[in-house]
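Structure first, commentary second.
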Amino acid sequence: MARIGEVQAPAATRDALARGRLRASLVPDLLVEARRIVNTVIAGWHGRRKRGIGENFWQFRPYVEGDSSRIDWRRSARDDHTYVRDREWEAAHTVWLWADPSPSMLYKSTGASVSKQSRALVLALAMAELLSRSGERIAWPGLTDPFTARNGAERIAAQLMHAGELPAKPDLSDIRRFCDIVIASDFLDPVEETMGWLDVLARHGVRAHLIEVADPAEETFPYAGRTEFTDPETGDKLTAGRAEMLGDEYRLLYTARRHELAAWCKRLGWSFTVNHTDRLASDALVRLHMAMTADGGYAGLAGSGRAGLTGSGHAGKVSA
């Protein structure tokens with residue numbers, strides 16, 4: 001038995017092949033769940049909401065002298081004004097999707113309905129389904145190039161099932177200006193590391209949408225008495241004689257990390273959403289849709305995204 005507060009030597013890491021097989025076995029069910037969630041929010045999902053080249057009707061507006069748009073005589077005949085018919089801009093947009101595959105995402109407390117990994121994959125596949133239905137180009141860094149297809153979510157799911165060991169953090173340097181990227185992760189790494197990884201997106205003028213997937217136990221720290229904590233990334237173990245004594249400091253560090261990351265995203269014009277695994281995944285999709293259809297969001301293209309870095313505590317990737 002380890003002494004109170006002692007950090008033991010790293011345990012053997014989880015077998016990569018076993019984790020890959022687990023992920024592959026979950027993907028079909030998660031794709032079904034993603035489509036079910038999409039069907040609950042699709043009514044509020046719309047395309048570009050801007051005037052431009054396309055096939056779909058957008059709006060009527062009064063004709064002004066020199067307007068190159070064609071007059072709609074049928075609508076104009078209803079009153080004394082002359083109207084033109086605008087179509088909606090339908091130029092395909094590229095959106096990259098990524099769900100964190102690291103071991104910490106496998107955590108699931110008794111108060112959660114799913115693991116963080118399952119929720120992150122469902123959110124990514126749901127976004128793939130929504131974007132594919134809207135005719136957008138989607139991609140997964142390190143897995144696929146951008147493509148357009150009505151069955152985009154199914155294609156990405158198939159790629160994930162047959163993929164080998166995925167990197168903990170993919171290379172984002174190939175993502176170019178004016179693209180969007182949706183990243184679903186627990187973001188439990190030190191804030192400086194997360195910012196350093198995402199810095200290339202800010203410098204390239206990419207708009208990012210971060211979804212922090214959180215287990216309720218990670219926020220409330222409901223542990224008491226003698227408790228052994230295990231780091232799923234390294235296998236390190238920490239035994240606390242009275243775990244409740246760590247609660248206040250842990251929650252302070254956990255909240256500080258989230259607030260600093262959210263503030264950094266706000267300065268760049270990015271969105272930051274928290275989705276808890278004991279709540280509905282559709283909540284995050286609705287908020288993400290609002291963020292993605294908002295104008296702007298490329299504040300980081302002028303310089304490095306790491307401006308204004310400050311120190312932050314690290315809540316740590318632990319399970320009990």
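Residue numbers count from 1 along this sequence.
- Contact record, Ala208 with Leu210: CB-CD1, 3.8 Å, taken as the closest heavy-atom pair.
- When every heavy atom of Ser271 is checked against every heavy atom of His209, the shortest pair comes out as OG-ND1, 2.7 Å.
- Grouping the Ile, Leu, Val, Met, Phe, Trp and Tyr side chains by contacts below 4.5 angstrom, directly or via other members, places Leu160 apart from Val114.
- Side-chain atoms of Trp270 come within 3.5 Å of backbone atoms of Val206 as a donor-acceptor pair (strictly under, hydrogens ignored).
- His204 places a side-chain N or O within 3.5 Å of a backbone atom of Ile175 that can act as its donor or acceptor partner.
- Considering all non-hydrogen atoms of both residues, Pro167 and Trp98 come closest at O-CZ2, 4.4 Å.
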Item to check | Stepwise side chain to side chain contact (heavy atoms under 4.5 Å, CB included) test for Glu244 and Tyr223 | outcome: CA-CA 6 Å; Glu244 63 273 19; Tyr223 309 109; over 6 Å; no

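- Counting heavy atoms from C-beta on, the side chains of Leu238 and Asp231 never come closer than 4.5 Å.
- Rounding to the nearest 0.5 Å places CE of Met290 at 13.5 Å from CG of Leu285.
- Here the closest non-hydrogen pair linking Ala217 and Pro222 is O-CD, 3.5 Å.
- Within the 3.5 Å criterion, the main-chain N or O of Thr220 finds a donor-acceptor partner in the side chain of Arg251.
- Between the CG atom of Asp180 and the CZ atom of Arg137 there is a distance of 13.0 Å, given to the nearest 0.5 Å.
- Within the 4.5 Å cutoff, the side chain of Met195 has heavy atoms near those of the Glu260 side chain.
- With values rounded to the nearest 0.5 angstrom, Ile183 atom CD1 is found 10.0 Å from Leu97 atom CG.
- Looking at heavy atoms from C-beta onward, Ile211 lies in side-chain contact with Leu288 at the 4.5 angstrom threshold.
- At a threshold of 4.5 Å between non-hydrogen side-chain atoms, the residues Leu201 and Leu268 do not count as touching.
- Between Lys116 and Asp100 there is no salt bridge, since no side-chain N of the basic residue sits under 4.0 Å from a carboxylate O of the acidic one.
- In this structure, a donor-acceptor pair under 3.5 Å is present between the side chains of Asp186 and Ser104.
- Using a cut-off of 4.0 Å between Lys/Arg side-chain N and Asp/Glu carboxylate O, Asp199 and Arg203 are scored as salt-bridged.
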Item to check | Verdict with reasoning, Val200 to Ser173, per side chain to side chain contact (heavy atoms under 4.5 Å, CB included) | outcome: CA-CA 6 Å; Val200 65; Ser173 59; 4.2 Å; yes

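- Under the 4.5 Å side-chain contact rule for hydrophobic residues, Tyr250 and Met245 do not share a cluster.
- Leu280 and Val213 are not part of a single hydrophobic cluster, where members link through side-chain heavy atoms under 4.5 Å apart.
- A distance of 8.5 Å separates CG of Asn275 from OG1 of Thr273, quoted to the nearest 0.5 Å.
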Next on the checklist: Determine whether Thr194 and Trp264 satisfy the following criterion, side chain to side chain contact (heavy atoms under 4.5 Å, CB included), listing intermediate values before the conclusion.
Outcome noted: CA-CA 11 Å; Thr194 300; Trp264 181 70; 5.7 Å; no

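- Using a 4.5 Å cut-off on side-chain heavy atoms (C-beta onward), Ile181 and Val95 make no contact.
- Closest of all the heavy-atom pairs between Lys108 and Ser113 is CE-O, 3.5 Å.
- Phe178 does not carry Arg207 over the face of its six-membered ring by the limits of under 6.0 Å from the centre and within 45° of the normal.
- Taking CZ from Arg119 and CG from Asp278, the interatomic distance works out to 8.5 Å, rounded to the nearest 0.5 Å.
- In this structure, the side chain of Trp197 engages the main chain of Pro170 through a donor-acceptor pair within 3.5 Å.
- Using a 4.5 Å heavy-atom threshold, the side chains of Met105 and Ser115 count as separate.
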Checklist entry - Would Trp96 and Trp140 count as a side chain to side chain contact (heavy atoms under 4.5 Å, CB included) if you check the C-alpha gap in whole Å, the side-chain angles of each, and the deciding distance to 0.1 Å? => result CA-CA 6 Å; Trp96 294 76; Trp140 192 287; 5.9 Å; no

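- Here the closest heavy-atom approach between residue Gly152 and residue Ser132 is recorded as CA-OG, 3.3 Å.
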Next on the checklist: ring pair (Phe, Tyr, Trp, His ring centres under 6.0 Å), that's the test. Do Phe229 and Phe221 meet it? Break it down for me.
Outcome noted: CA-CA 12 Å; Phe229 298 94; Phe221 197 80; 5.7 Å; yes

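- Annotation: side chain to side chain contact (heavy atoms under 4.5 Å, CB included) contacts of Glu212 (sequence neighbours excluded): Phe187, Ala214, Tyr254, Arg257, Arg258, Phe272, Val274.
- Not one N or O on the side chain of Thr230 forms a donor-acceptor pair closer than 3.5 Å with the backbone of Pro232.
- Not one N or O on the side chain of Tyr107 forms a donor-acceptor pair closer than 3.5 Å with the backbone of Glu218.
- In this structure the side chain of Ser109 reaches within 4.5 angstrom of the side chain of Pro216, judged on heavy atoms.
- Leu143 and Met127 end up in the same hydrophobic cluster when Ile, Leu, Val, Met, Phe, Trp and Tyr side chains are linked at under 4.5 Å.
- Between the Arg150 side chain and the Arg133 main chain, a donor and an acceptor come within less than 3.5 Å of each other.
- There is no side-chain donor-acceptor pair under 3.5 Å between Asp215 and His276.
- A distance of 8.5 Å separates OG in Ser102 from CD in Gln117, rounded to the nearest 0.5 Å.
- A distance-only check finds no donor-acceptor pair linking the side chain of Glu136 to the backbone of Thr94 [under 3.5 Å].
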